[in-house]
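Data block below; observations after.
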Amino acid sequence: FNSYFCNTEKKALPISTLVEKYETSGAMPKNGAPVAGVHFSAEEWKVFSKKKQEDILMKRRLAFCAYGEVNWCEALGTVLANDEVVNGVSERGGFPVEKKKMRQWYLRITAYADRLLEGLERVEYSESMKEMQRNWIGKSEGAEMAFSIESSALKVHVYTTRPDTIFGVDFIVLAPEHELVEKITTALQKDEIDKYLTYVKSRSDRERMAEVKQITGCFTGAYAINPFDGKQIPIWIAEYVLAGYGTGAIMAVPCGDQRDYLFAKHFNIPITNIIGSHYNGEEANPTKDAILENSGFLNGLLMKDAIAVANQKIEAEGIGKRKINYRMRDAGFSRQRYWGEPFPIIWSDGIAIPLDAEELPLELPHVDKYGPGPEGEGPLANIKEWVTAPNGMRETSTMPGYAGSSWYFLRYMDPHNTETFCDRKASDYWNQVDLYIGGTEHAVGHLLYSRLWTKVLYDLDLIGYDEPYKKLLNQGMIQGSSRFVYRLMILNVGSDEPKTIFVSQVTYEKWRAGELDSLHVLDQVKALDEAIFSAINVEQAEIMITPIHVDVNMVDGFELDIEAFKKWRNGEYEKAEFLMEEGKYICGSEVEKMSKSKYNTVNPDILVERYGADTFRMYEMFLGPVEASKPWDTKGIEGVHRFLRKLWRLFNDEIKGKIWNGNKATDAELKILHRTIKKIEQDTENFSFNTAVSAFMVCINELSELKCHKKEILEQVLVLLVPYAPHITEELWSQLGNAGTILDAPYPQLDEKYLVETSKEYPLSINGKVRTNIILALDLQQADVEKAVLQNEIVQKWLEGKPPKKIIYVKNKMINVVI
RNA sequence: GCCCAUGUGGCGGAAUUGGUAGACGCAGCAGACUCAAAAUCUGCCGUUCGCAAGGGCGUGAAGGUUCGAUUCCUUUCGUGGGCACCA
């Protein structure tokens, strides 16, 4: 809050630096005349009211307040996450949700866009992870230009990456939330626009995203003027244009952009072709390789080259300017919730005042109820004594999860420090996190926030590095099998409350596939319960079916335990009614990531109790590659458990007790050992833990077969195995009578001489078919191999005296003879 | 719809990164030990034709490059993760 992003130095500086600057030189343009409301001189700054000064500073702070849209649920009296909105209604209760502007805190991550991009060059993340972050930041180069509006002094600013297509603009689309909408809409179109705005307000972000095929929009009645040829361009609004990106307005070029094309076709807007035969009238062609036509001063130019020409002209004529845009937006940093760090901010006459250092930390107060506060504020707003401060009112929002997750690793370096989050000496000593293990689901959330946070701390000289994680390993997600119930809501039934009943998976699937229409669904309800049905006016009824996650522990296979369901969530579904099948309610299922919010978690304690932590640990590694997602399934854990028991039996016998001995190892045994050392070394280095576990299994199987109980071999195997099965190895180590702990034991040294093979049998293939095996010494050169092959009796017989076209010898693999 | 990942036996997965597909484990089948069970051990285990020896077909689907493709390229379908329809 007390920092701002300096655009000259490209880093965070204390806000006091900015205040000083304003006091000495104000905020004046580098060249050209100052614009009222944007620029001011030092003298003007000094006479601004305190409130006005703070408002100006707020626009530069790294943590700042602004108005943003949230999902508002009137019935629940609270703000909902996208996740909590399904089919446009709240997941809990099925109440309507709409967009609402509310004051929110943000972190100015957009200021760091370039540095977040650049920093990716210096960290070891997987390419796909870097790609995801780059796409999220979404840097694009283009031009912003102004179109005059017919019979109005107003202008509409659009951002485009394709200024070369300026003569192909057939309409302009504003985001429905755009401030110009109400100013330019003509009287004739007003009703229709209002209707459309109401519709958009009811749509969740998810819906606006998922239903792209459904084309919606509305004409404002106003026209813009193409600055180059004076052509009249109708101005529309449509939900596919987002208020938050660019200028919230686009110029549509239907012959070059498929979405614009579909929009034009749908609303019968004539299409101008500027790319000649590259446009076939059937679909848009986003090429940059066409020669421009119907394009005024750009005629005859290749589109690629025309971009620069257009840009130059746009700037020369003062129509607009080149601009770099990012698709990333500032990160919302407040939540209307209880659980989160409270903001150390007091509001006084509309000014945000941070608490003094002595007053920190500000702790979350105890509440009796977690219900939302008035006007959609968080639960803290309900505690009058807490909210009221001597000099104003406390901020009642709390911080989101990433306020903690972004920098917790620093606290681990100095956890008992009461003065600061982490002493600079400690963070310098430990430096960056060497290896960070996390799932890909954090690609554009946590990992980006954490990188931002670290950069800010670095700028403020609080830590000595600006990337938190040196190397990132993406472990796959363990997936769980989720269960769903399907909430059927019958709307327009005459009463305010929609009628709710739960239908089973079969009904839902049929309805979704269009095999069952509303009337048939209602018929089913009727067949089941006349009483429910009689209250419904079938003619008017509309239905909506929403899948809802239920706790897997309440479901036996796919059959819902109805009594448990009714008691669930403090009796939220106490009065639930069901449309059953043969007395059973059958749930739907889906494999998705295991997560509390999806109620599909399993408890590992039972397995640990039965098999021990070593087995559980090794089994998780054995499941598959760390990076791969895999569904959780315990069948197979027996195998790992058997392996550990087998290991135990190399040391102990049920009857004889201790059976390990001090005999000298044979070459065969040493071969097994050193092969294992090599494999484990490689696999551990490559994080290939599943194959490492396999290698241990092979090793123990082979040693068992040889009845090898020799300490010389066994203790080295134990040391290799420590990170995989720490408990059992420690125990067996002490049984061997060794002093100290196994962790102090030297790591086994690989002796290559036990890996050397003297000769090898190679498969010999003639024209791709494997014919025989021949034995060759290792380390032969291509010429030696050819000679040996040609002298081979069997090969000579196949060749029948004709020389082969080619002999391919792949080292240590096979020999291929092409006839 | 967009971005990222992924697809191999009944199942989890392996394949030295272009060189004998199915290591290791689970499940299954047969056998040994046992009064019996558990535990343990041995053998079989992609599919198909065949008594067998030995063939044919097989890495989501369709093409392509190559002497040779699970691996590289194009198209396409399915699944998982993320999302802010990004002009």
Side-chain angles (χ1 to χ4, degrees), chain A residues 82 126-136 138 140 142 158-162 165 173 175 205-213 238-247 249-253 256-260 286 325-329 332 439-445 474 476-477 479 590-593 619 622-625 627-631 633-640 642-643 645-646 649 654 679 682 688 690-698 701 704-705 761-770 773 804-819:
Chain A
N82 281 334
S126 69
E127 251 330 293
S128 61
M129 174 65 61
K130 290 184 181 180
E131 194 61 21
M132 273 190 264
Q133 293 209 349
R134 283 191 203 106
N135 291 338
W136 182 259
S140 73
V158 304
Y159 173 75
T160 180
T161 51
R162 296 296 300 275
T165 61
V173 190
D205 289 356
R206 283 284 154 86
E207 287 172 310
R208 280 174 75 165
M209 235 185 307
E211 297 165 19
V212 260
K213 280 181 183 152
E239 59 177 338
Y240 80 91
V241 173
L242 298 183
Y245 182 74
T247 59
I250 60 157
M251 54 179 232
V253 183
D257 183 295
Q258 185 63 10
R259 203 168 33 198
D260 296 346
N325 240 331
Y326 300 94
R327 96 185 182 70
M328 182 169 64
R329 300 208 297 258
T440 46
E441 79 262 36
H442 294 126
V444 294
N474 292 125
M477 266 162 291
Q479 296 162 320
E590 221 166 282
V591 172
E592 32 181 21
K593 73 169 171 178
Y619 178 58
F622 187 57
L623 266 180
E627 325 87 53
S629 298
K630 48 227 153 210
D633 191 354
T634 50
K635 86 178 180 200
I637 197 168
E638 275 295 336
V640 175
R642 263 174 222 155
F643 158 76
R645 282 202 305 249
K646 206 166 188 174
R649 286 200 307 272
E654 247 175 87
K679 180 87 174 117
Q682 281 175 355
S688 180
N690 55 329
T691 52
V693 174
S694 294
F696 279 122
M697 287 175 170
V698 172
N701 280 343
S704 297
E705 216 164 291
E761 202 170 290
Y762 290 89
L764 176 80
S765 122
I766 310 275
N767 273 0
K769 300 225 166 176
V770 177
N773 292 331
K805 273 192 200 146
K806 221 192 258 184
I807 296 178
I808 300 147
Y809 164 59
V810 182
K811 209 160 188 229
N812 295 349
K813 288 288 179 185
M814 76 183 303
I815 298 158
N816 215 306
V817 180
V818 184
I819 303 179

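Everything numeric in this text was worked out from a predicted model, so none of it was measured. Letters A, B, ... mirror the listed sequences (proteins, then strands); counts begin at 1.
Separation of the C1' atoms belonging to B:A21 and B:U8 is 8 Å when rounded to the nearest angstrom. B:G22 and B:C57: their C1' atoms are spaced 16 Å apart (whole Å). With C1' as the reference atom, B:G54 and B:A61 are 31 Å apart, rounded to whole Å. One C1' atom belongs to B:C49, the other to B:A62, and the distance between them is 28 Å to the nearest Å. Atom name P, nucleotides B:G7 and B:U71: the rounded distance is 11 Å, in whole Å. Going from the P atom of B:G68 to that of B:G19 covers 15 Å, rounded to whole Å. Look at the P atom in both B:C3 and B:G25: the space between them is 42 Å, to the nearest Å. One P atom belongs to B:C26, the other to B:U65, and the distance between them is 44 Å to the nearest Å.
For the pair A:L623 CG and B:G13 C1', the computed distance is 10 Å after rounding to whole Å. Between A:Y762 atom OH and B:G19 atom P there is a gap of 15 Å when expressed in whole angstrom units. Distance A:M251 CE to B:C86 P: 17 Å, rounded to the nearest Å. Here B:C3 presents its P atom at 21 Å from NZ of A:K130, a figure rounded to the nearest Å. A:Y159 places its OH atom 8 Å from the P atom of B:A87, with the value rounded to the nearest Å. Taking atom NZ on A:K635 and atom P on B:G12, their separation rounds to 8 Å, with Å as the unit. One interatomic measurement links the two molecules: CZ of A:F696 to P of B:G25, which rounds to 15 Å at whole-angstrom precision. Rounded to whole Å, atom P of B:U20 lies 7 Å from atom CE of A:M814.
Comparing B:G80, B:G82, B:A5 by their nearest atom to the side chain of A:V444 picks out B:G82. If you check B:C85, B:A5, B:G13 against the side chain of A:R259, the one that comes closest is B:C85. Comparing B:A84, B:G13, B:U40 by their nearest atom to the side chain of A:R645 picks out B:U40. Checking B:C24, B:A87, B:G13 against every side-chain atom of A:T161, the shortest atom distance belongs to B:A87. Out of B:C24, B:U42, B:A87, the shortest distance to the side chain of A:S694 is found at B:C24. Residue A:N135 places its side chain closer to B:C4 than to any other of B:A84, B:C4, B:A23. Residue A:I250 has its side chain nearest to B:A87 when only B:G80, B:A87, B:A84 are considered. For A:F622, the side-chain atoms get nearest to B:C24 when compared with the rest of B:C83, B:C4, B:C24.
Taking only side-chain nitrogens and oxygens, A:R649 comes nearer than 4.0 Å to OP1 or OP2 of B:C41. Phosphate contact (OP1/OP2 of B:A27, side-chain N/O of A:R642, threshold under 4.0 Å): present. At the phosphate of B:C3, neither OP1 nor OP2 sits under 4.0 Å from any side-chain N or O atom of A:R327. Distances shorter than 4.0 Å separate some side-chain N or O of A:K593 from OP1 or OP2 on B:G82. Contact annotation: A:K646 side-chain N/O to B:C41 OP1/OP2 distance is under 4.0 Å.
Remark on RNA chain B: of its neighbouring residues A:N701 and A:M132, the 5'-side contact belongs to A:M132, judged by nearest-heavy-atom nucleotide. RNA chain B is contacted by both A:E590 and A:N690; A:N690 maps to the nucleotide lying nearer its 5′ end (nearest heavy atom per residue).
The shortest side-chain heavy-atom distance between A:M251 and A:V173 does not fall under the 4.5 Å cut-off. The shortest distance between side-chain heavy atoms of A:F696 and A:V640 does not fall below 4.5 Å. Proximity of A:I250 to A:D260: side-chain heavy atoms (C-beta onward) are separated by under 4.5 Å at one or more points. Side chains of A:K646 and A:S704 form a contact here, defined as non-hydrogen atoms less than 4.5 Å apart. Looking at A:L764 and A:M814, their side chains never come closer than 4.5 Å, going by heavy atoms from C-beta outward.
Regarding the sugar-base torsion, B:G9 falls in the syn class, its angle being within 90° of 0. Taking the syn range as angles within 90° of 0, the glycosidic angle of B:U17 is syn.
Using a 4.0 Å heavy-atom cutoff across all strands shown, A:E638 reaches no nucleic acid atom at all. Within 4.0 Å of A:V591, counting heavy atoms only, lie sugar-phosphate atoms of the nucleic acid but no base atom. Within 4.0 Å of A:E592, counting heavy atoms only, lie sugar-phosphate atoms of the nucleic acid but no base atom. Among the protein residues, A:Q682 comes within range of no part of the nucleic acid, since none of its heavy atoms lies under 4.0 Å from any strand. At the heavy-atom level, A:M328 lies under 4.0 Å from base atoms of the strands shown. If you check every strand for non-hydrogen atoms under 4.0 Å, A:P631 touches nothing.
Nucleotide B:G43 is matched to B:C29 when pairs are restricted to Watson-Crick or G-U wobble geometry with both distances under 3.5 angstrom. Under the Watson-Crick or G-U wobble criterion, with both distances below 3.5 Å, B:C83 is paired with B:G1. Nucleotide B:A37 forms no Watson-Crick or G-U wobble pair with any nucleotide shown, as no partner meets the under 3.5 Å limit on both distances.
When all heavy atoms of A:K679 and A:A695 are compared, the pair lying nearest together is CG-CB, 3.5 Å. Scanning both residues, A:Y159 and A:T247, for their nearest heavy atoms gives N-OG1, 3.6 Å.
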side-chain hydrogen bond (donor to acceptor under 3.5 Å, both in side chains) evaluation trace for A:N816 with A:S765: CA-CA 5 Å; A:N816 215 306; A:S765 122; 2.9 Å; yes
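Counted by atom type alone, A:T691 and A:S694 present zero donor-acceptor pairs between their side chains at under 3.5 Å.
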Detail all sub-3.5 Å separations between protein N/O atoms and N/O atoms belonging to nucleotides 66-70 of chain B.
unit_1	atom_1	unit_2	atom_2	d
B:C67	O2	A:N816	ND2	3.4

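Considering OG of A:S629 and CG of A:N474, their distance stands at 10.0 Å, rounded to 0.5 Å. Between A:H442 atom NE2 and A:M129 atom CE the span is 9.5 Å, to the nearest 0.5 Å.
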